[in-house]
Number of protein chains: 2
Amino acid sequence: MARKPVQQRAKATVDAIVEAGFIAMAERGPAATTTRQIADIAGVGVGSLYEYFENKEEIFQVMSERFVADTIAMIQPLIPTIVRKPIKEAVLDLLGHFRDFLQANNERYLKCARYAMALDFEQHVEPLQKTLSELVTQYLMHHPETLKIRNIPTMSYIMINGGIYSVVRHLCDPAPPITFDELAGGLADMVSHYTEREMALVESQ
Amino acid sequence: MARKPVQQRAKATVDAIVEAGFIAMAERGPAATTTRQIADIAGVGVGSLYEYFENKEEIFQVMSERFVADTIAMIQPLIPTIVRKPIKEAVLDLLGHFRDFLQANNERYLKCARYAMALDFEQHVEPLQKTLSELVTQYLMHHPETLKIRNIPTMSYIMINGGIYSVVRHLCDPAPPITFDELAGGLADMVSHYTEREMALVESQ
DNA sequence: ACGCTTGTTCGGTTTCAATTCGGAAAATTT
DNA sequence: AAATTTTCCGAATTGAAACCGAACAAGCGT
């Protein structure tokens, strides 16, 4: 940011710019969004963008940060309740909230997530990974019998990455071959069956 | 294509252009690749591009088609052998070949796949989906006991999408938290545990 | 009310990449 | 070997978008 906004008015402008960034991004994708579009949507002049952002890239950076922060803010408060549920319900619950979150504001974040998969989405996304790992850890703590499962980091990796991608892809698909509930149920079954089978295997040793 | 190449020389030019497209794409991503770069890498003049392609977009289209065709050509011959293996080995085998395929030619297709996730690359990818569905179907035919599993379409959807994404993401990650073998093993366990548990559930009814 | 700081605008400049075009060179045909 | 077709080229054109900066406007302390 070239300059910090000090007055209330200026803060509103910065907000409007970031807001407009999301809208433009959702409409046309990141490559096709221009500074003029962002400025028009925000209802400010193009020059104003450069008062608070070094360049277009920085707008995207701030958007990315906000996206991740919002996602974490969505998940954090869910942890205490989710952690106490049986595994299947826990997954379904989390996925439901995730879908609602992606679809809020006219699917703003869904459309962003779609492009974010390609963008340099690695740096900013780390805190999100951490939050999800935290969720898994806490879940395991509340269900000590699951601690015997092998390869927990691997399974977390698969379910987090594969799960997020499946959901985003499904929600983006105008004619998906299965319903969202089927997908969510499938993911929940996947996790629960896996844990059950693993626990059975450990038991039998 | 604006014009069809008739002479041998011209066919080589077209090939060089598409080839150069992959190299440029892998280096900088699709948004940042310019016609000049492609032409330079291909060792032809910029004008030559427009002899055989209407515009830059068409070059990407042809690349996309070739990518999908190559992927299918990689998978098709594997089907007969994979289909006869136990589920875990089958998954491991397929994933191993998939990794080798993505990493060939200096990771050309891996780098493309990374960006392809965002691009509107859905149309061309349909034949690939079909091939993978075919693989699943044939597998089920060779293992009749698995036909009782519920939600096969849903599980295919999850494993195909989630699996592909996990692998691509993992291979792109310079410092992955787990090894590729762990990931592949995890995916294989996921599938095998799921099928075992499902079959046990069906049995007990 | 007045001067100073902060905020905004708008037109202009610059940069840069896609595409065109006309002609030269190579291959093919007659 | 002349004529014709195909191929190749790269300077020039075009258009669009990023970015700048001088001038105008709004807030704010005194």
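Since the structure is predicted, the reported quantities are computational estimates derived from the model, not experimental observations. Proteins get letters first, then strands, A, B, ... in listed order; numbering begins at 1 in each.
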- Item | Distance-minimising heavy-atom pair for Tyr139(B) and Ile87(B) |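 Shortest heavy-atom separation between Tyr139(B) and Ile87(B) comes out as OH-N, 2.8 Å.
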For the student: nearest non-hydrogen atoms of Ser48(B) and Ile17(B), plus distance:
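Closest approach of Ser48(B) to Ile17(B), heavy atoms only: O-CD1, 4.3 Å.
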Assess, by modelled atom type and distance only, whether the side chains of Gln61(A) and Glu65(A) contain a donor and an acceptor separated by less than 3.5 Å.
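Side chains of Gln61(A) and Glu65(A): no pair found under 3.5 Å.
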### Query
If you pin Gly47(B) and Val6(B) to their nearest nucleotides in DNA chain D, which one's is more 5'?
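Upstream on the strand: Val6(B).
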_Residue whose nearest DNA chain D nucleotide is more 5′ - Arg36(A) or Arg9(A)_ =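 The residue whose closest nucleotide sits nearer the 5' end is Arg36(A).
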dA18(D), OP1 or OP2 - any side-chain N/O from Thr35(A) closer than 4.0 Å?
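Answer yes for this pair, as a side-chain N or O of Thr35(A) is under 4.0 Å from OP1 or OP2.
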Write down the distance between [atom1] ([X]) and [atom2] ([N]), rounded to a whole number of angstrom.
X: Glu51(A); N: dA26(D); atom1: CD; atom2: C1'; value: 14 Å
X: Asp40(A); N: dA17(D); atom1: CG; atom2: C1'; value: 13 Å
X: Lys4(B); N: dC8(D); atom1: NZ; atom2: C1'; value: 20 Å
X: Ile38(A); N: dC19(D); atom1: CD1; atom2: C1'; value: 14 Å
X: Tyr50(B); N: dG10(D); atom1: OH; atom2: C1'; value: 13 Å
X: Lys56(A); N: dC20(D); atom1: NZ; atom2: P; value: 14 Å

inquiry  = Can you work out whether Gln7(B) or Leu49(A) has the more 5'-proximal nearest nucleotide on DNA chain C?
reply    =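 Nearest nucleotide further toward 5': that of Leu49(A).
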I'd like to check [X] versus [Y] (side-chain heavy atoms, cut-off strictly below 4.5 Å). Are they in contact?
X: Tyr109(B); Y: Arg66(B); result: yes
X: Lys88(B); Y: Val191(B); result: no
X: Glu182(A); Y: Asn151(B); result: no

task: Could you tell me whether Ser48(A) contacts a base, only the sugar-phosphate backbone, or nothing, with contacts defined as non-hydrogen atoms closer than 4.0 Å?
output: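 Counting heavy atoms under 4.0 Å across all strands, the contact made by Ser48(A) includes a base.
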Review point. Of the nucleotides dA11(D), dC8(D), dC28(D), which one has an atom closest to the side chain of Ala10(B)?
Key: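 Ranking dA11(D), dC8(D), dC28(D) by closest atom to the Ala10(B) side chain puts dC8(D) first.
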### DNA chain C: 5'-most and 3'-most nucleotides touching chain B, 4.0 angstrom heavy-atom criterion
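From 5' to 3', the first and last contacting nucleotides are dA17(C) to dT28(C).
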Exercise. Does CE belonging to Met199(B) count more than 12 external heavy atoms closer than 6.0 Å?
Worked result: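 Enclosed.
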